[in-house]
Amino acid sequence: MNILSIQSWVAYGHVGNASAVFPLQRLGAEVWALNTVQFSNHTGYGAWRGQVFGAELIRELVTGIEERGVLGTCDAVLSGYMGDAAIGEAILEAVARVRAANPQAVYCCDPVIGDVGRGVFVRPGIPEFMRDRAMPAADIATPNQFELEWLTGRAVGTLAEAKAAVRALQESGPRCVLVTSLRVEDTPADAIEMLAAEGGQFWRVRTPLLPISVNGAGDAIAALFLFHRLRWGDVRVAVSSAASSIHGLLRRTAEAGSREILTVAAQDEFVRPSQTFVAEPC
């Protein structure tokens, strides 16, 4: 399995490609990582050093891969945080070039816009780009609850409302949707949920809510869900596997009291999760 992953990179910690690439490799995928930024650490620290790369660099790197004659072997394109709309356009061009070489390739977009409690935290124009350009091009989308609401203009307070919003998002483009960090009226106070949908079917998985707040978990979830969806062709297996692995990763991070997710130290959770959470139809 070959995955072209276009995301940010940090030298210290795990967000963007630094969160997505290693889990994919640990599971056996070849990852062609294109970095949109090179920072010392994620911006949640309030200070960082590094450089934002331009859209032309992304185009140049994709051209270089294309010149190797291997785009036809690319199974999927994965994208996450986009620094600006120009980077987004370069990513969509990369998707088009991969699909031209391999019509079976899929595009998984993690539409990073914001989160509950924080609101929108990306640059102006990015949310609209995600809604109007990225979602229509995507085969798989992995929004959190806040992003699902923003992309569809629908409030999500119940499971029925969440399912209606997912259907609305599917109508805009992605046939497969994973909603992360979901909490609706019947979600227990000590739990968090994911909701996955494809082909008219919905699957819900619930895991214990952990006392932890770290960056990069969403990037890992998107990568894990994409991998298992490609490997097994079954959305239920994909969401169950992703939820089980990410819970194990976050539990071990919480137990260690680490500010950064333990992507390397807890790597066995990607292959053999210490606890299995089974998705149920809903």
Side-chain angles (χ1 to χ4, degrees), residues 3-9 15-17 19-20 32-37 52-59 61-62 71 74-100 102-115 119-154 156 165-181 195-198 218-227 229-230:
I3 298 174
L4 175 63
S5 182
I6 310 176
Q7 302 190 55
S8 59
W9 179 267
V15 300
N17 268 337
S19 181
W32 308 341
L34 303 188
N35 301 325
T36 57
V37 308
V52 177
F53 301 139
E56 285 307 314
L57 178 60
I58 300 302
R59 294 186 176 95
L61 293 173
V62 172
L71 278 191
C74 183
D75 298 293
V77 179
L78 171 64
S79 71
Y81 173 82
M82 299 179 187
D84 57 40
I87 286 286
E89 292 294 348
I91 291 172
L92 294 188
E93 290 173 22
V95 171
R97 292 164 76 173
V98 169
R99 283 174 170 161
N102 177 16
Q104 302 304 312
V106 302
Y107 172 36
C108 177
C109 177
D110 182 14
V112 179
I113 295 172
D115 205 351
V120 173
F121 54 66
V122 295
R123 292 181 181 179
I126 293 297
E128 293 79 8
F129 175 86
M130 291 294 186
R131 181 190 62 204
D132 302 335
R133 299 281 291 124
M135 289 299 96
D139 299 291
I140 301 172
T142 61
N144 60 33
Q145 182 170 346
F146 175 86
E147 291 157 350
L148 176 66
E149 292 181 326
W150 199 98
L151 290 166
T152 62
R154 293 170 175 261
V156 173
V166 167
R167 292 189 189 97
L169 187 61
Q170 289 175 314
E171 289 173 0
S172 75
R175 65 178 183 270
C176 180
V177 174
L178 171 68
V179 184
T180 64
S181 302
L195 178 68
E198 186 174 10
D219 305 319
I221 292 170
L224 291 166
F225 182 75
L226 170 62
F227 177 88
R229 177 61 187 79
L230 289 174

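What you see below is based on every heavy atom in this structure, not just the backbone, and it leaves out hydrogens, waters and symmetry mates. A quick note: this is a predicted structure, and the numbers were derived from the prediction, not measured.
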Worksheet entry | Asn102 (side chain) donor-acceptor with Asp75 (main chain) under 3.5 angstrom | no

Practice prompt. Please confirm whether the backbone N or O of Ser79 pairs with a side-chain atom of Gln7, one donor and one acceptor, at under 3.5 Å?
Written response: no

Worksheet item: Does the Asp139 side chain pair with the main chain of Tyr107, one donor and one acceptor, at a distance under 3.5 Å?
Response: yes

Discussion item. Could you measure the distance from the CD atom of Glu171 to the OG1 atom of Thr152? Nearest 0.5 Å is fine.
Written reply: 10.5 Å

Item to complete: With side-chain contact (heavy atoms from CB on, under 4.5 Å) as the test, would you mind laying out the steps for Leu226 and Val106 before giving the verdict?
Response: CA-CA 9 Å; Leu226 170 62; Val106 302; 4.1 Å; yes

Worksheet item: Between atom CG of Leu34 and atom OG of Ser8, what is the distance when rounded to the nearest 0.5 Å?
Response: 12.5 Å

Fill in: Shortest non-hydrogen contact from Cys109 toward Met135
SG-CE, 3.7 Å

Item to complete: Working to the nearest 0.5 Å, report the span between CD1 of Ile221 and OG1 of Thr142.
Response: 8.5 Å

Discussion item. Ignoring hydrogens, what is the shortest heavy-atom contact between Pro111 and Glu147? Give both atom names and the distance.
Written reply: O-CD, 3.2 Å

Item to complete: Please name the pair of heavy atoms, one in Leu92 and one in Ala137, separated by the smallest distance, quoted to 0.1 Å.
Response: CD2-CB, 3.9 Å

Fill in: For the student: nearest non-hydrogen atoms of Ile87 and Asp84, plus distance
N-OD1, 2.8 Å

Item to complete: Decide yes or no for Phe225 and Cys176: does some side-chain heavy atom of the first lie under 4.5 Å from some side-chain heavy atom of the second?
Response: yes

Fill in: Atom pair CG/CG of Leu78 and Leu230 - distance to nearest 0.5 Å
10.0 Å

Worksheet item: Between Phe129 and Gly88, what is the shortest heavy-atom contact and its length?
Response: CZ-C, 3.2 Å

Fill in: Arg131: salt bridge (charged side-chain N to carboxylate O under 4.0 Å, His left out) partners, not counting sequence neighbours
none

Discussion item. Once rounded to the nearest 0.5 Å, what's the spacing between atom CZ of Arg154 and atom CD of Glu149?
Written reply: 11.5 Å

Discussion item. Asp219: which residues meet the side-chain hydrogen bond (donor to acceptor under 3.5 Å, both in side chains) condition with it, sequence neighbours left out?
Written reply: none

Worksheet entry | 4.5 Å side-chain heavy-atom contact, Tyr81 and Val37 | no

Worksheet item: Is the closest side-chain heavy-atom distance between Arg229 and Ile140 below 4.5 Å?
Response: yes

Discussion item. Please find the pair of heavy atoms, one from Val122 and one from Val112, that lie closest to each other, and give the distance.
Written reply: CG1-O, 3.6 Å

Worksheet item: Okay, side chain of Gln145, backbone of Val156: is any donor-acceptor separation there less than 3.5 Å?
Response: yes

Fill in: Atom pair CG/CG of Asn144 and Asp115 - distance to nearest 0.5 Å
4.5 Å

